[in-house]
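Just so we're clear, the structure is a prediction, and the values are computed from it rather than from any experiment. Just so we're on the same page: letters track the sequence lines, and every chain starts at 1.
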Amino acid sequence: MGSMTQRNILRAYGDREGDGMVQMSFTLRILPGDRAREVAKRFAEAHGLREPLVTAMEQASREHTYFVVYGHSQHGVDTSDIEVEELAAQPLTRDQIEEQAKKLGRKIVVVGACTGSDAHTVGIDAILNYKGFAGEKGLESFKCIDAHNLGAQVENAELCEKAKALGADALLVSQVITQRNCHKENAAALVELATRQGFRDKVILLLGGPRIDHNLAVELGFDAGFGPGTKPITVASFLVERLVGRV
Amino acid sequence: MGSMTQRNILRAYGDREGDGMVQMSFTLRILPGDRAREVAKRFAEAHGLREPLVTAMEQASREHTYFVVYGHSQHGVDTSDIEVEELAAQPLTRDQIEEQAKKLGRKIVVVGACTGSDAHTVGIDAILNYKGFAGEKGLESFKCIDAHNLGAQVENAELCEKAKALGADALLVSQVITQRNCHKENAAALVELATRQGFRDKVILLLGGPRIDHNLAVELGFDAGFGPGTKPITVASFLVERLVGRV
Amino acid sequence: MTTVPVEQEKVEACRAFAADIADDVQRFIDRHTTVGVERTVARAYGVVGADAEGTPLANALVDRIHKAGQVGRGVAYHLGRALCEGAASVQEAAEMLAFSEAADFGPGPSAAEARGAIEAATREAIARIDSARDEREANKAAHRVGTAPLKYVIVATGNIYDDAVQAKAAGFAGADIVAVIRATAQSLLDYVPEGPTTEGYGGTYATQENFRIIRRAADEATRDTGTYLAQTNYSSGLCMSEIAWMAAVERLDMLLNDAMYGILFRDINMQRTFIDQYFSRRIIARSGIVINTGEDNYLTTADAVEKAHTVLASQFINEAFARRAGLREELMGLGHAFEINPWLEDSLLFELAQAQLVRQIFDRHPIKWMPPTKFKTGDIFHSHVHDAMFNLVGITTGQSIALLGMFSEAVHTPLLMDRYLSLKSARYIFTAARHLGDEIQWKPGGIVESRAREVLDKAHALLREVERETLWDAIGRGAFGDVKRTRTGGKGYSGVVARHPEYLNPILEVLERSSS
Amino acid sequence: MTTVPVEQEKVEACRAFAADIADDVQRFIDRHTTVGVERTVARAYGVVGADAEGTPLANALVDRIHKAGQVGRGVAYHLGRALCEGAASVQEAAEMLAFSEAADFGPGPSAAEARGAIEAATREAIARIDSARDEREANKAAHRVGTAPLKYVIVATGNIYDDAVQAKAAGFAGADIVAVIRATAQSLLDYVPEGPTTEGYGGTYATQENFRIIRRAADEATRDTGTYLAQTNYSSGLCMSEIAWMAAVERLDMLLNDAMYGILFRDINMQRTFIDQYFSRRIIARSGIVINTGEDNYLTTADAVEKAHTVLASQFINEAFARRAGLREELMGLGHAFEINPWLEDSLLFELAQAQLVRQIFDRHPIKWMPPTKFKTGDIFHSHVHDAMFNLVGITTGQSIALLGMFSEAVHTPLLMDRYLSLKSARYIFTAARHLGDEIQWKPGGIVESRAREVLDKAHALLREVERETLWDAIGRGAFGDVKRTRTGGKGYSGVVARHPEYLNPILEVLERSSS
Ligand code: B12
Ligand code: B12
Ligand SMILES: Cc1ncc(COP(=O)(O)O)c(C=O)c1O
Ligand SMILES: Cc1ncc(COP(=O)(O)O)c(C=O)c1O
C-alpha cells in the first residue's frame with residue numbers, strides 16, 4: 001500500500017526494552033577521587049549516556065586512572081536505511097559451486113597472499129589451503145579452482161607479477177596487522193598498482209582479515225571484503241557467482 | 001598576570017596521547033551478520049566514536065546480539081571548570097577529632113539506618129559499629145560520638161521519631177538498592193519528612209551507599225554524600241568540622 | 001573424584017546434635033500454626049481471588065478468623081464447618097467467613113465433622129500437587145537435562161514480561177535453571193500479591209500468575225533448545241508456605257527455602273519462621289521440588305574464613321529440619337558460597353577445601369554453590385575473573401547447582417549481556433576442567449586437608465554448643481551470620497498461634513503420612 | 001610441588017639426540033660467518049653512526065667488505081689491518097674502509113698482526129659488556145626482585161616515548177618485566193635503525209637509543225616502586241647478534257632469542273640464522289642475559305594438542321644450541337604456551353600436563369610461559385577469563401616467567417588499561433592459588449600423567465628422526481610449526497660467508513673462552 005519507509009530505531013537493551021543501557025571503559029590522565037569521578041561522569045555524558053554510574057575508578061599508573069561506566073544511552077540507530085550486502089548469507093553448496101563453475105570451461109585461478117610486512121599466514125592459509133579452517137576445506141580442495149598461495153610478507157609488486165604470470169581471475173589479499181591503519185594504506189596501494197598496471201578490471205580483488213569488512217574493502221577499491229570467521233566456501237561461492245553468475 | 005582561565009581538555013588515553021581510545025559493550029535487538037555489524041558501528045559512531053571496530057558480535061538470545069566495540073572518542077572534558085568537594089581529601093586524625101569535639105561540650109549524637117525496604121546493613125554497620133570496616137573502627141569507637149544504629153528496613157518515619165527522641169545531631173542514611181532510582185525517591189522522601197516535621201535545619205543529613213556521591217546527595221537535599229569505600233573517620237571528620245569548625 | 005579425609009564419627013556426631021536441636025524446635029512447631037500456614041491451607045482448598053485493594057481472599061479470611069481468636073482450630077475447621085452448615089463450595093465458604101456478618105467462629109461442630117465435610121476438597125488439593133508433579137516429571141523426561149554443575153542464573157528486571165524475555169534468553173545461552181529474584185520488600189509482606197506485576201525494585205514480585213508466565217517462557221525455551229529449563233523462586237519471608245504451594249502447583253523445580261534465613265536476614269520472628277518452614281517443606285516434599293538453603297548469606301555479613309564452620313553447622317541443622325518435614329536428601333540443596341577475601345593468600349585452597357568438605361558430607365544432596373558477591377567491585381573485568389575461579393572450584397569439587405556469578409554483581413541486577421557472558425564462561429570452564437576433580441589427590445596433611453579438618457572440627461564444636469543452649473538461644477547470641485535475634489522479636493510474631501487441641505489440618509495430615 | 005612421572009632415561013636420550021643434532025649444525029656454524037656477525041663485531045669495536053639516509057656505518061663497512069668478497073677474513077682483520085696501516089682509531093678505520101677510495105681489501109698483513117693492532121679495542125669491547133653486566137647486577141641487588149612467575153607484559157605503541165610512559169605504568173601496576181614489541185618489518189631489515197623512533201606498526205623499532213630510553217624509564221619505575229623492572233627485547237631476525245650486543249651494553253635483562261624462530265616464522269635463511277644465533281648467544285652468555293626461546297609460536301600455526309611434542313623436541317634443540325654457545329641453564333628461558341583450543345574437553349588438564357612436564361624436564365631453566373593468543377576473539381570479557389586459566393596453570397606448575405595475556409589480544413596491541421587489568425588478574429590468581437601446586441598430586445595413570453608421558457614419548461621419537469635426517473632436512477619437511485623451509489631459501493642467505501682459514505674474530509675468541 002503506501003510506500004512510507006518505516007523508521008526502525010534500535011536502541012541498546014540492558015534488561016528492559018528502551019533502557020538504552022551500555023557499558024564503557026576508558027583511561028584518563030587524572031588521579032582517582034571525587035573530582036575524577038565527576039570528570040568520568042561528564043565524559044560519559046558527552047557520549048550521550050544519561051545518569052552515568054562510575055563503577056570502577058582505579059589508579060593504573062602514576063598519572064592515569066582506569067574507569068568503568070554504565071549509563072543509559074540516548075542514541076539510537078535507524079536501521080531502515082542500512083543496506084549491507086550479506087556475503088555470508090547463503091553461500092552455494094560445494095556441489096552447486098562445482099556445477100556452476102563448469103560453465104566457465106576452465107579452472108578459476110586464484111592467487112593469494114598476506115602482503116607487505118604482514119607475516120600472518122594463518123588467515124590466508126585457512127581460505128586457500130586444502131587443510132582449510134574449522135573443519136571446512138580451503139579453495140585448493142575445489143576441483144574448479146586452481147589456487148596459489150604465495151604466503152606472507154609478499155610485496156604488492158610481487159603479487160601483481162605472479163597474478164599476471166598465472167593469469168589470475170582473482171587476487172586474495174590478507175591483512176592482519178592494522179595498527180594505525182597500515183592495512184588500509186597497503187591495500188589501497190595494491191589497487192593503485194593493479195590499476196596502473198592496467199589489469200585492475202580484469203581481476204576480482206578480495207580483501208580479508210580480522211578487521212576487514214565488506215564496506216571497508218569496497219571503500220579501498222576491492223570487490224569484496226571478508227572478516228573474521230570467513231569460511232572458504234563463502235569465498236568460493238562469491239567467486240563463482242561473480243565469474244559465472246548466480247545458479 | 002592575566003586571569004585567563006586555562007582550559008584543560010581531558011581525552012581518553014589508550015596507548016598514545018590523544019588517541020581517545022574507549023571501549024563500549026551493549027546489546028541490540030538484531031541478529032548477528034554484516035548488517036548488524038554495520039548497525040553496531042553506527043551506534044558507536046552516534047556516541048562520538050571515530051573508526052569504531054566491532055570486535056565481538058555474538059548472539060545472546062533468539063533476538064539479541066551482544067557487541068564489543070573499540071573506537072576513538074571525539075569527546076573531551078574541560079576539567080578546568082569542574083569543582084568538586086573532595087570530602088575524603090584530608091580527614092582529621094582521630095586525635096584531632098576528639099580534641100576538636102571537646103569544644104562542643106557534649107557528645108555528638110548520630111542516628112543511622114538503612115531505610116525503606118533496603119536490607120543491606122553491611123555499609124551502615126561499617127560506618128557506625130565499633131567493628132568498622134577494613135580495619136578502621138566505626139563511629140561508635142569515638143569517645144566524642146554517641147552512635148545509634150537502627151539497622152535495616154527502617155521506615156523514614158521511624159528514623160525521624162528516633163532522631164528526635166535522641167536529640168540527634170546527625171542522621172546517617174544508607175541506600176544500597178538503586179534499581180530504577182528507588183534510592184533517590186526514598187532519600188528525597190526523608191528530607192521532605194524532616195522538613196515537614198520542622199527539624200531539617202537542626203540536623204546534619206548524610207547519605208551513603210555504593211552508588212551515592214556527594215553531588216547526588218546534595219541534589220537530594222542532604223548535607224553530604226559518601227560513596228563506596230568510605231571510611232568512618234572521613235565521616236567523623238566531616239561531622240566535627242560541620243558542628244565545631246575546622247581545626 | 002577428589003576427596004579430603006572426613007572423620008565419619010564426627011559427621012555422625014554433628015548429625016546427632018543437629019537432630020536434638022531440630023527435635024527441640026520441632027516439638028514447638030507441632031503445637032503451633034501461623035496465619036501463613038492457614039492461608040496456605042485455604043489456597044490449597046481452592047480459595048482464590050483478591051479484593052479491589054489487592055487483599056487476597058485468603059488473607060481476608062484468615063485475618064478475620066485471627067481477629068476472632070480462632071486460628072488455633074485451623075482454617076480447615078472453619079471452612080469444613082461452613083460446608084457442614086450449607087456453603088456450596090470452599091470458595092463460597094471462604095467469602096462468607098471473610099466478609100459475612102453471619103460468619104460464626106464460636107462453638108460449632110466437632111473437628112471430625114468438619115473434616116468429613118472437607119474431605120473431597122482435601123483429596124483435590126493433594127491431587128493438584130501430584131498432577132503438577134507428574135507433569136513436571138514428564139516434561140523433564142521428554143528433554144535433555146543439564147549435567148552438574150547445573151548452570152543457574154537470575155533475572156530481576158522488576159517487570160515480569162521483561163523477566164520472561166530474559167528467562168528465554170538465558171535458556172538460549174545455556175542456562176539450566178532460571179530464578180526470578182523477588183522485589184526487595186516482598187518477604188516482609190504478609191500476603192502474596194495477585195496477578196502479573198510490572199513494578200518491583202531489585203526484583204519482581206512472586207505471584208502465582210508471575211510463576212505461570214515464567215513457567216510458560218521456560219517451557220518455550222525448553223522446547224526451543226531441547227534442554228529442560230528449570231524454574232525457581234523464593235519460599236521465604238512471611239508467605240513461605242503459600243509460595244511453596246504456588247510453586248508446587250505451578251510446576252516450579254526449585255525453591256530458595258531455609259529454616260533460618262528469614263530470621264537472620266529479614267528479621268522475621270523465629271517462631272513464625274520455624275512453623276512456616278515446616279509446612280512449606282511438607283508441600284515441597286510432596287511436590288518433589290528441590291530446596292536451596294541460604295547459608296551462603298552468612299558469609300555476606302560474617303567473615304568467610306573465620307565463620308566457615310557456621311555454614312557447615314547450619315547445613316546440618318537445615319538438613320535435620322528438612323528430614324523432619326519429609327524431604328529426602330535428593331531434594332536438599334544445601335547452600336554454601338565462595339566468599340573468601342580473594343586477595344588472601346591461598347584463598348582458592350580454602351575455597352576448595354570447604355567446597356570439597358560440603359560435597360563429601362552431603363553426598364546425596366544437590367549442593368547449591370553460590371558465587372562471590374561480597375568482594376565484588378564495579379571493576380567488571382576483574383569480577384569476571386573472580387567468577388571464573390568460582391566456576392573452577394565448582395566443577396573441580398563436583399557441586400550440583402552453580403548459581404553463576406555476574407560480573408556486574410556490584411553494579412546492578414544482571415543485564416541480558418551479563419548473563420550471556422556468565423554462561424559462556426561457565427561453559428568454558430566446566431568443559432576445560434571437566435575431569436580435573438577426578439585427577440587431583442590432595443597432599444596428605446596439606447593446606448586443603450587441614451582446612452577441611454578444621455572446619456569440621458569447629459562445626460562440631462558449635463553444634464555441641466547450640467545443642468546445649470538450644471537453637472533459640474544460639475540465634476539470640478549471634479551464632480549464625482553474626483546476626484542476633486530474639487524469640488519474640490521480629491516481624492510476623494503476631495501471626496503465631498498455638499494449636500487448639502482439636503486443631504484441624506487434613507492437608508498437613510496427608511502430607512505427614514506421605515514421604516517424598 | 002606437583003609432579004608428573006618423567007622417565008629420566010628418555011629425557012637423557014632426548015638430550016643425546018639433541019646434542020647430535022646441534023653438533024652437526026655447530027660444525028657448519030664454526031666454519032662460517034655472516035654480515036650480521038661482522039657488523040656486530042664492528043659495533044663492539046666501537047663503530048658508530050649512520051649516514052644521512054640512515055645507513056649505519058657498520059653496514060656500509062661490512063657491505064663494502066662483502067662486495068669485495070672479503071667478509072670471510074672477518075671485519076676485525078680489516079679494522080686491525082687499517083689500524084696497522086695508520087688509522088688513528090677503529091672509527092676512523094671503519095670510515096676509511098667504508099667510504100675511502102684508498103681502502104684496500106686485497107692481500108695484507110697477517111691475521112696475527114691485525115689481531116695485535118686491535119687487541120686494546122678487543123679488551124675494551126669485552127669490558128663494556130662486563131661493566132654493563134655489573135651495573136645490572138648491582139641494580140638488581142639494590143632492589144626487591146619479583147617472585148616467580150615473573151609478570152611479563154608487552155608495550156607496543158610504535159612510539160618510543162609513549163612506550164616509556166607505558167613501561168613505567170606497567171611497573172606501577174606490578175609488572176616485573178617489560179618488553180617493547182618490535183615493529184612488524186624490523187626482523188627483515190638487514191640493519192639496525194639509528195636513534196629514537198616514533199613511527200612503527202605493530203610495535204616500535206629496536207634501536208640502541210630506544211633501548212636506552214626504556215632502560216631509563218624502567219630504572220625510574222624501579223626506584224619508584226622498589227621492585228626491579230626488567231627490560232627485554234628481540235634478538236631475532238637479520239640483526240640477531242647486533243641486537244644482542246646492544247642489549248648487552250644497554251643493560252637489558254632478557255632477549256627473545258631462538259635458534260630456529262627466524263627460519264620458521266620470518267622466512268630467514270637457515271644457515272644465516274644458525275650462525276647468527278651462535279654469536280648472539282655468545283654475547284648473551286657473557287652478559288648474563290636470560291634468553292626466551294620461541295617455541296610458543298609453533299602452536300599458533302600448528303595444533304597445540306597434536307604438535308605439543310614438537311615444542312618439547314625444539315626445546316631440547318634450543319637447549320643444545322644454547323649450551324654450545326656457553327649459556328648456563330639458568331639463562332635458558334625455554335618457551336612454551338597455553339594454546340590448546342579452549343573449548344576442547346579437559347583442555348586445562350592437557351595444559352597442566354604440558355606445563356608440568358616442561359617445568360620438570362628443564363628444572364633449572366627460567367621457563368617462559370606464553371598466554372593464549374590463537375583462540376582469542378574480540379570478546380574481551382571472555383578473553384580475560386581465558387587468561388585467568390593461563391595464570392592459574394602458571395602458578396600451579398611453577399612457571400618462571402609468565403608473559404601475561406591481554407584481553408584485547410585479538411584486537412590491538414595492549415592499551416594501558418588492558419595491561420593494568422592483566423596485571424591485576426595475575427596478582428589475584430598468583431596470590432589466591434599460591435600453594436596450589438604444592439597441594440596437588442596427580443592421579444596415577446590419569447589424564448594428566450598419561451598426557452605428559454605421551455608428549456615425552458613423541459618428542460623422543462621426533463628427535464630420533466631429526467637426528468637421523470639432520471635438522472636441515474627436518475625443517476625442510478615441516479617438522480616444526482608445520483612450516484617448511486629450504487637450506488638456501490629465505491632472506492639473508494647472501495649474507496652467509498665461509499670463514500677464511502685465517503678468519504679473525506678476537507671478540508668471539510674471548511667469548512668462547514669465557515663461560516657464562
Ligand atoms: C598467530 C599470530 C601470530 C603468529 C603468526 C604465525 C603465522 N604464520 O601466521 C606470529 C607469532 C608469528 C605473530 C607475530 C606477530 N604478530 Co601476531 N598474532 C597472531 C594471532 C594470535 C592469531 C592470528 C591468527 O592466526 N588468527 C586465526 C586466523 C584463521 O584468523 P584470521 O587471520 O582472522 O583469518 C580469518 C578471516 O579474517 C579471514 N581472512 C583472513 N585473511 C583473509 C584473506 C582473504 C582473501 C579472505 C577472503 C579471508 C581472509 O578468513 C580467515 C578464516 O576465517 C593474533 C591475535 C588474534 N587472536 O587474533 C595476533 C596479532 C594479529 N598479531 C599482532 C602483532 C602485532 C604481531 C607482531 C607484529 C608482534 C611483534 N611485534 O612481534 C608479530 C609480527 C608479525 C608480522 N610481521 O606480521 C597483533 C596485530 C595488532 C594490530 N591490530 O595491528 C595481534 C592482533 C595480536 C595483538 N593483540 O597484538 N602473530
Ligand atoms: C551483602 C549483600 C546482600 C546481603 C545483605 C546482608 C546484610 N545484612 O547487609 C543479602 C544476601 C541479604 C542481600 C540481599 C539482597 N540483595 Co544484595 N548485595 C549484597 C552485596 C553482595 C554486598 C553489599 C555489601 O555488603 N557491601 C559491603 C559494604 C561495606 O559496602 P557498601 O554498602 O557500599 O558501604 C560502604 C559505602 O557505600 C559507604 N556507605 C554505605 N552506606 C552508608 C551510609 C552512610 C551514612 C555513609 C556515610 C556511608 C555509607 O560506606 C561503606 C563502607 O565503605 C551487593 C553486591 C556488591 N558486591 O556490592 C548486593 C546488592 C547490593 N544486592 C542487591 C539486591 C538486588 C539484593 C536483593 C534485593 C536480591 C533479592 N531480590 O533477593 C536482596 C534483598 C535485600 C533487600 N531487601 O535489601 C543488588 C542491588 C542492585 C541495585 N543496584 O539496585 C546488589 C548490587 C547485587 C546485584 N548486582 O544484584 N544482599
Ligand atoms: C533462603 C533465601 N530466601 C530468600 C532469599 C532472597 O531474599 P528475600 O528475602 O528478599 O526474598 C535468599 C537470598 O539469598 C535466600 O537465600
Ligand atoms: C624468538 C622470537 N623472536 C622474535 C619474535 C618477534 O617477532 P619479530 O620477528 O617481528 O621480531 C618472537 C615472537 O614471538 C619470538 O618468539
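Crowding of C:Lys374 atom NZ: a count of heavy atoms from other residues, nucleotides or ligands under 6.0 Å exceeding 12. The number of heavy-atom neighbours closer than 6.0 Å to NZ of C:Lys484, taken from other residues, nucleotides and ligands shown, is 12 or below. Residue C:Lys491 places its NZ atom among more than 12 non-hydrogen atoms of other residues, nucleotides or ligands, all under 6.0 Å distant.
Neither the backbone nor the side chain of C:Asp418 comes within contact range of chain B; no heavy atoms are under 4.5 Å apart. If you measure heavy-atom distances from C:Arg266 to chain B, the contacts under 4.5 Å come from both the backbone and the side chain. C:Leu415 does not touch chain B: none of its heavy atoms, backbone or side chain, sits under 4.5 Å away. With a threshold of 4.5 angstrom between heavy atoms, C:Thr300 approaches chain B through N, CA, C or O but not through any side-chain atom. For chain B, the nearby part of C:Val411 is the backbone; its heavy atoms alone come within less than 4.5 Å. For a residue to count as touching a neighbouring chain, one of its non-hydrogen atoms must lie under 4.5 Å from one of that chain's; by this rule C:Ala221 does not touch chain B. Only the side chain of C:Lys424 comes within contact range of chain B, with heavy atoms under 4.5 Å apart. If you measure heavy-atom distances from C:Thr377 to chain B, you find no contacts under 4.5 Å at all.
For the pair B:Gln59 and C:Phe172, the minimum side-chain heavy-atom distance is below 4.5 Å. Between C:Met417 and B:His64 the shortest side-chain heavy-atom distance does not fall below 4.5 Å.
In this structure, the separation between CZ on C:Arg419 and OG on B:Ser61 is 10.5 Å, given to the nearest 0.5 Å. Rounded to the nearest 0.5 Å, atoms CZ (B:Arg62) and CG (C:Asp224) are 3.5 Å apart. Here the straight-line distance linking atom CZ of B:Arg211 with atom NE2 of C:His412 works out to 9.5 Å at 0.5 Å rounding. Expressed to the nearest 0.5 Å, how far OH of C:Tyr201 lies from NE2 of B:His183 amounts to 11.0 Å. Atom CD of C:Gln186 and atom OG of B:Ser117 lie 11.5 Å apart (nearest 0.5 Å).
The closest donor-acceptor contact from the side chain of B:Gln179 to the backbone of C:Thr184 lies at 3.5 Å or more, if one exists at all.
Residue C:Leu416 comes nearest to B:Ala60 through the heavy atom pair CD2-CB, 3.7 Å, listed as atom of the first residue, atom of the second, then distance.
Most heavy-atom pairs under 4.5 Å with chain B: of the set C:Gly200, C:Gly158, C:Gly378, C:Ala410, this distinction falls to C:Gly200.
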